[in-house]
Amino acid sequence: MADRTPRLYNTLTRTTEAVEPREEGHLRFYSCGPTVYNYAHIGNFRSFLTADLILRTARAIGWETTYVSNITDVGHLTQDDLVDPSGEDRMAQALEREGERFANIYDLARYYSDALLRDWHALNLRDPDVRPRATEHVTDQLEAVIKLVDSGHAYVTDKGVYFSVETAPDYGKLSGNREAEQLQATERDIVEDEGKRDPRDFALWKLDENHLMKWHSPWGWGYPGWHIECSVMGMRYLGDQFDLHAGGEDLIFPHHECEVAQNEALAGHEVIPYWVHTRFLQVEGEKMSKSKGNFYTVRDLIAPDPDDEHVPDAIRQQGGVDPLALRYALLSGQYRKPFNFTLKTLRDSARAVKRYRDVQARLDEALQSTSETAAATGLAESLRESYEEALDAMCDDLNTPGSLAAALKGVKAIEQADSLSAADARTATEWLHDINNLLGIVEPQHAATERTGGSDGDDDFAEQVESLIRERADARSAGDYDRADAIRDELDEMGVEVKDNPDGTTWERKGL
RNA sequence: GGUGACGUGGCCGAGGGGUUAGGCAGAGGCCUGCAAAGCCUCGUACGGCGGUUCGAAUCCGCCCGUCACCUCCA
């Protein structure tokens, strides 16, 4: 596995390229995190998942990694600001909406960033090495702005400090929006600061004495522009030359375009050669939006409010889906292709995750068995091939559907083995562990991933079910099949699936 | 208007000049008191039109369609 190199589509060059870290065998990358003014939705997580997969793939081929992902806890402008420049930012609006829950804007940010971390862990996303917060790096941001002013890349007006795009000849190289100037000039001039020299110029610092979050600057009280935080935090933790930057496709412009301009103005050279962007997902064939009722946060799906009618009944009834099923569903589309998230995909994914769990249970049993059983023929070889193929697929621009398919071949090989020797079980357990390291779909890696929904741990419920099953067994042995079937129907109503095996009856809660 | 991506069987979704994706659904079978679950078997599809080629779903061109971004957004 030593000579594998991951390939990724680079937005900057518009081609799929082999990723070659500056320092051989050590990938340093940054992934844009969310603004914490609300619960993160499944689209946010599709993007965070891409970063997680880059990390896992790099580790799987033996690379070191340094991974930074920020939390934006400073409010930035909403579209309303374009109409009403004195308007409030998103976080301020959130506070207004939920004012009774939070004492101030910092409480709100803290609450939603805690929620973000819980969801992050629930979906088996690995933690970054550093998770910087914008509010904790305002001084760094100010220093960068001062440096840009001093070097002539920025200028001050009575409303703020702006980056002068004219001084960045490559501006537009990432997004291709080189002509945005002409196209949007009129609108920009109206909504922005008259002191701006070029409509493309963007804010590095905004002066506002009344802003809910404000800091002191050489130009007066105010707050930083949106783009500067990522430039500053990226270079602070990864240096002025690192390898890769990831984010959602909407960030290509303006956010990353502006970041590139700032980076290069600050460093005097290219800072990041690879840019990776995750496409938006759709839900049930439509753009995810609150008005369409197809807007899902992670917790809507894994721990729904029972009374929230916009969450499908099937999900609410079982108290939320397995978080790993949600992760699996998000993996079933490649990050760069349009992906249609549907309830059906989620249902299929839950079954797939269950297959892994069942295989794992079988392996655990085989490991503990002391009886001599014949080795399964060719199992080790099938599993080796399965893993190699799964890893190859990940190296091929994070081809997750291909990787899942390859992994499933290994699952099938285990399922189909007539018997498993202890050695087989050890080999297969190791394989399962490797697959889990690569894709994160087998075992929860944090306590938070344990199923919170359902009543699996409910002893009373289990007792009730066991009792009904005993009753049914009695009816069956007495030949009273009408009675037995009635009990089975009753269990079915309770969401319990009955399975009659040769050596007894088992049951489990029904999935989606 | 500018920019980028994508169109594969009933559905999701890989692959990518001649040779099996996989899953779900569906059909048949085994098992079962009957079911369920499980297991076995079964699919020959690539938006349209041209071109290159011995051969194209795969390469090239054009067209059609879908999606996204162009200072709210992952």
Side-chain angles (χ1 to χ4, degrees), chain A residues 9 11 14 31-35 37 40-51 76-82 89-90 93 172 174-184 187-188 191-192 199-203 225-227 246-255 257-258 277-282 285-289 328-329 332-342 344-345 347-349 351-352 355 358 389 393 396 399-409 411-412 415-416 418 476-477 479-482 484-485 488-489 492 497-502 506-508 510:
Chain A
Y9 182 85
T11 307
R14 292 167 178 67
S31 169
C32 276
T35 303
Y37 66 105
H41 55 72
I42 57 176
N44 297 122
F45 273 92
R46 175 154 140 105
S47 169
F48 309 152
L49 181 60
T50 299
H76 294 292
L77 299 180
T78 69
Q79 193 152 40
D80 293 342
D81 293 303
L82 298 178
D89 65 50
R90 281 185 288 158
Q93 286 178 348
L174 185 67
S175 65
N177 286 335
R178 292 180 187 275
E179 297 172 77
E181 181 184 6
Q182 285 80 24
L183 295 163
Q184 301 286 335
E187 189 185 343
R188 289 174 177 192
V191 300
E192 295 279 353
R200 296 175 301 172
D201 293 351
F202 53 90
W226 177 31
H227 314 305
E249 63 170 333
D250 57 311
L251 298 181
I252 297 171
F253 192 90
H255 187 56
E257 190 72 67
C258 295
H277 292 99
T278 304
R279 281 206 69 154
F280 274 20
L281 55 70
Q282 290 186 280
E286 292 187 287
K287 181 170 171 135
M288 184 163 77
S289 72
Y328 196 105
S332 66
Q334 196 239 13
Y335 78 98
R336 205 158 60 77
K337 287 213 169 168
F339 178 65
N340 185 16
F341 183 90
T342 64
K344 188 175 177 306
T345 304
R347 193 180 290 131
D348 292 351
S349 301
R351 294 180 69 128
R355 278 179 78 181
D358 289 348
E389 207 177 312
D396 180 17
N399 178 0
T400 46
S403 194
L404 289 175
L408 228 34
K409 286 186 191 176
V411 170
K412 198 158 201 165
E415 287 171 343
Q416 291 181 337
D418 293 327
R476 287 179 75 203
S477 48
D480 186 356
Y481 295 120
D482 286 346
D485 291 351
R488 188 168 62 201
D489 288 346
D492 186 68
E497 192 166 69
V498 177
K499 297 176 190 176
D500 295 330
N501 301 307
T506 59
W507 65 278
E508 55 186 54
K510 285 189 292 192

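Just so it is clear, the model here is predicted, and its values are computed rather than measured.
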*To the nearest Å, give me how far apart OH (A:Y328) and C1' (B:C12) are.*
12 Å
_Atom pair distance, as rounded to whole Å: CD in A:E389 and P in B:A14_ = 15 Å
*Heavy atoms only: give me the nearest A:G247-A:S47 pair and the separation to one decimal.*
C-OG, 3.7 Å
*Choose from B:A74, B:A21, B:C24 the nucleotide whose nearest atom is closest to any side-chain atom of A:A405.*
B:A21
*What residues form a side-chain hydrogen bond (donor to acceptor under 3.5 Å, both in side chains) with A:Y335, not counting sequence neighbours?*
A:D397
*A:G43 or A:L408: which one's nearest nucleotide on RNA chain B is closer to the 5' end?*
A:L408
*A:K409 NZ - B:G15 P separation (whole Å)*: 13 Å
_In this structure, how many angstroms lie between the C1' atom of B:G15 and the CG atom of A:L404, rounded?_
15 Å
_Minimum heavy-atom separation for A:E257 and A:G176, please, with both atom names._
OE1-N, 4.2 Å
_Pairwise P distance for B:G38 and B:G4, with rounding to whole Å_ = 47 Å
_Test ring-ring contact (aromatic ring centres under 6.0 Å, His included) applied to A:Y328 - qualifying residues, sequence neighbours left out_ = none
*What residues form a side-chain hydrogen bond (donor to acceptor under 3.5 Å, both in side chains) with A:Y37, not counting sequence neighbours?*
A:R90
*For nucleotides 57-69 of chain B, just jot down a letter per nucleotide in 5' to 3' order: B, S or -, based on protein non-hydrogen atoms under 4.0 Å.*
----------BSS
*Using atom C1' of each nucleotide, how far apart are B:A36 and B:G17 to the nearest Å?*
47 Å
_Minimum-distance nucleotide (side-chain atoms of A:P401 versus B:U3, B:G13, B:C24)_ = B:G13
_Please report the distance separating the C1' of B:C46 from the corresponding atom of B:G15, rounded so that it comes out in whole Å._
11 Å
*Between A:H255 (NE2) and B:C70 (P), how many Å, whole number?*
14 Å
*asked:* Over all strands shown, is A:Q334 touching base, sugar-phosphate only, or nothing at heavy-atom distances under 4.0 angstrom?
replied: sugar-phosphate
*Given the C1' atoms of B:U32 and B:G26, what is the spacing between them in whole Å?*
22 Å
_Same-atom distance (C1') from B:C39 to B:A45, integer angstrom_ = 28 Å
_Distance, P atom - from B:C30 to B:G50, rounded to whole angstrom_ = 50 Å
*asked:* In whole Å, measure the gap between the P atoms of B:U71 and B:G18 for me.
replied: 44 Å
_Length of the line joining A:D348:CG and B:G10:C1', which is rounded to integer Å_ = 14 Å
*Check every strand shown and say whether A:F341 touches a base, only sugar-phosphate, or nothing at a heavy-atom separation below 4.0 Å.*
nothing
*Who passes ring-ring contact (aromatic ring centres under 6.0 Å, His included) against A:F341, sequence neighbours left out?*
none
_If you compare every side-chain N and O of A:K337 against the phosphate oxygens of B:G7 (OP1, OP2), does one of them come in below 4.0 Å?_
yes
_Base-paired stems in RNA chain B, each at least three Watson-Crick or G-U pairs under 3.5 Å_ = B:1-7 with B:64-70, B:10-12 with B:22-24, B:26-30 with B:38-42, B:47-51 with B:59-63
*Distance, rounded to the nearest Å, where A:L174 contributes CG and B:U71 contributes P*: 15 Å
_Partners meeting side-chain hydrogen bond (donor to acceptor under 3.5 Å, both in side chains) with A:S477 (sequence neighbours left out)_ = none
_At under 4.0 Å between heavy atoms, how does the protein contact nucleotides 29-42 of chain B? Give one character per nucleotide, 5' to 3', with B, S or -._
----BBBBS-SS--
*Pick base, sugar-phosphate or nothing for A:H277, based on heavy-atom distances below 4.0 Å to the nucleic acid.*
nothing
*Is the shortest distance from a Lys or Arg side-chain nitrogen in A:K344 or A:D348 to a carboxylate oxygen in the other one below 4.0 Å?*
yes
_P atoms of B:U44 and B:A21, separation to the nearest Å_ = 10 Å
*Using a cut-off of 4.0 Å on non-hydrogen atoms, how would the nucleic acid contact of A:S175 be classed: base, sugar-phosphate, or nothing?*
sugar-phosphate
*Sugar-phosphate, base or nothing in reach of A:F339, heavy atoms under 4.0 Å*: sugar-phosphate
*asked:* Restricting to ring-ring contact (aromatic ring centres under 6.0 Å, His included), what partner residues turn up for A:H41, sequence neighbours left out?
replied: A:F295
*Any idea which heavy atoms bring A:L174 and A:H277 closest together, and the distance?*
CD2-CE1, 4.4 Å
_If you assign each of A:G333 and A:L251 to its closest nucleotide in RNA chain B, which residue comes earlier from the 5' end?_
A:G333
*asked:* Tell me the interatomic distance from A:D396, atom CG, to B:G15, atom P, rounded to whole angstroms.
replied: 6 Å
*asked:* Is A:N399 close enough to B:G15 that one of its side-chain N or O atoms is under 4.0 Å from OP1 or OP2 there?
replied: yes
*Among all residues two or more places apart in sequence or in another chain, which pass the side-chain hydrogen bond (donor to acceptor under 3.5 Å, both in side chains) test with A:E389?*
A:K409
*asked:* Run the salt bridge (charged side-chain N to carboxylate O under 4.0 Å, His left out) test against A:R351 and tell me which residues pass, sequence neighbours left out.
replied: none
*Name the orientation class of the two ring planes belonging to A:W226 and A:H255 (parallel below 30°, tilted from 30 to 60°, perpendicular beyond 60°).*
parallel
*salt bridge (charged side-chain N to carboxylate O under 4.0 Å, His left out) partners for A:D358, two or more places apart*: A:K354
*Is A:Y335 near enough to B:A74 that one of its side-chain N or O atoms lies under 4.0 angstrom from OP1 or OP2?*
no
